[in-house]
There are 2 protein chains.
Amino acid sequence: MTLSRLILGLLSLAPMTGYELKKHFDATVNHFWSADKAQIYRTLTTLVKDGLCIAETVQQDGLPSKQVHRITEHGRAALLEWLETDPAPDAERNAFLGRVFFAAQLDEKQLHKLFDRRREAALSYLASLQEQLDASRAASPGEALYFQLATLRNGIRHLKAELDWLQDIEKELV
Amino acid sequence: MTLSRLILGLLSLAPMTGYELKKHFDATVNHFWSADKAQIYRTLTTLVKDGLCIAETVQQDGLPSKQVHRITEHGRAALLEWLETDPAPDAERNAFLGRVFFAAQLDEKQLHKLFDRRREAALSYLASLQEQLDASRAASPGEALYFQLATLRNGIRHLKAELDWLQDIEKELV
DNA sequence: ATCTACTAGTAGACTTGTCAACCGCATCAG
DNA sequence: CTGATGCGGTTGACAAGTCTACTAGTAGAT
């Protein structure tokens, strides 16, 4: 469900091919949703089947022909409906916390490795989100992308929270 | 993978039935991993098949007989191995942020509804985590549950970050 | 001359997770 | 006496997501 609505959302901004959708997922939506190539194409065919978007084949010379997908009125309605539905409480799956939960079974060296790796991952991820945020702000100042940027700011807040938490832990582990 | 390791982790603390595992998932692990009943039982059978735990049937009077699962040495080794493996960067799926990303298509009323609901959900979830934390600390003071509690503290930090972010948004939306 | 990467998509197997129903037996409240 | 709830578990159908490999042409680098 969510994937199909996110695809509709992207198509509501501009018509696109599956290939381009994949790139958008990897580039701009990636920090809160990832998508497999195969999954995107499959979802597109069901969207077309349900009349939420239409596909038109476009010939290109030198390149393989592509199928540009365009959202329909019906699709826009479905998107809006989804935007308004109660976002069910997130399932919040976190395999790292799973490891922490049983971390008492690790020795000191392994413990530090566990948390250090996490800290480094969080730091570099934070840097990349910050970069994305700055780049987006530079590219289109003003309020145009307000909500897109808000999702980045959300990620940044959470990464900082994670880093604070890691710092607490490392202080206490000494 | 993760589910099977989390089950092994719980079994490493005490032998248990599938039924009890389900209760533990709902009660103590729920804030970072949820598990469906059917999935737990299926995973248990494959764990047994792989020799990572063994099941012994225990008769009870008045109640249906149960299958207590006990972790094996092989299982403990598999658990440790998992604890040490590089925790692949979380997939971080967040359907709420998906809605925010396209929220420019909502009117003011709908926007406030979206964020208000989120805030209320975060607040009540925060309260429940805080409660769990206090209850656990009261039940077993000292450092016994340090890492279990750390996962709760992680959740609390993140919820506070979420609330701070929501406050920013609401200030800016005015 | 070969190797890599990009464009654009297809296909199949597989794993994971979710939903809903069903089994028997017990206990307790209305 | 009936119905709800707890215990302990099983089954089947599905939805969602992942992984690998394949097609087929272009362009640029080694």
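Below, chains carry the letters A, B, ... as their sequence lines are ordered, and counting in each starts from 1. Note that the coordinates shown come from a computational prediction; the quantities given were computed from them, not determined experimentally.
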- To the nearest Å, how far apart are Tyr41(A) OH and dT18(D) C1'? 17 Å

- Quickly work out the Lys37(A) NZ to dA13(C) C1' distance and round it to whole Å. 17 Å

- Message: Tell me the interatomic distance from Met16(A), atom CE, to dT7(C), atom C1', rounded to whole angstroms.
- Response: 16 Å

- Would you give the length of the straight line joining atom CG of Asn154(B) to atom CD1 of Ile169(A), rounded to the nearest 0.5 angstrom? 8.0 Å

- Indicate whether any N or O donor in one side chain lies under 3.5 Å from an N or O acceptor in the other, for Ser136(B) and Gln148(B). no

- Item | Nucleotide dG9(C), atom C1' - distance to NE2 of His69(A) in whole Å | 10 Å

- Item | Rounded distance in Å - NZ (Lys23(A)) to C1' (dT7(C)) | 8 Å

- With heavy atoms under 4.0 Å as the rule, sort Ala38(A) into base, sugar-phosphate or nothing. base

- Look at all strands and tell whether Lys22(B) reaches a base, only sugar-phosphate, or nothing, counting heavy atoms closer than 4.0 Å. nothing

- Out of dA21(D), dG17(C), dG9(D), which nucleotide sits closest to the side chain of Gln67(B)? dG9(D)

- Message: I'd like to know if the side chain of Glu92(A) pairs up with that of Asn94(B) as donor and acceptor (distance under 3.5 Å, no hydrogens or angles considered).
- Response: no

- Return the value, rounded to whole Å, for the distance between atom CG of Leu3(B) and atom P of dG17(D). 18 Å

- Message: Measure CH2/Trp33(B) against C1'/dG17(C) and give the value in whole Å, please.
- Response: 10 Å

- Query: Gln39(B) side chain N/O closer than 4.0 Å to the phosphate oxygens (OP1, OP2) of dT16(C)?
  - Reply: no

- Would you classify Glu20(A) as touching base, sugar-phosphate or nothing, given that sugar-phosphate means primed atoms plus P, OP1 and OP2, and contacts are heavy atoms under 4.0 Å? nothing

- Take atom CE of Met1(A) and atom P of dT18(C), then tell me their distance rounded to the nearest Å. 17 Å

- Item | Selection from dG17(C), dG17(D), dG6(D) that lies nearest to any side-chain heavy atom of Arg93(B) | dG17(D)

- Item | Smallest separation among heavy atoms of Val68(B) and Pro15(B), with atom names | CG1-CB, 3.7 Å

- Message: Here's a test of your reading of the structure: between Arg42(A) and Val68(A), which maps to the more 5' nucleotide of DNA chain C?
- Response: Val68(A)

- Message: Please pick, from dT18(D), dT7(C), dT18(C), the nucleotide with the shortest atom-to-atom distance to any side-chain atom of Ser34(A).
- Response: dT18(D)

- Same cluster (ILVMFWY, side-chain, under 4.5 Å), Leu52(A) and Ile54(A): no

- Closest to the 5' end of DNA chain C, once Ser65(A) and Ala35(B) are matched to their nearest nucleotides, is Ser65(A)

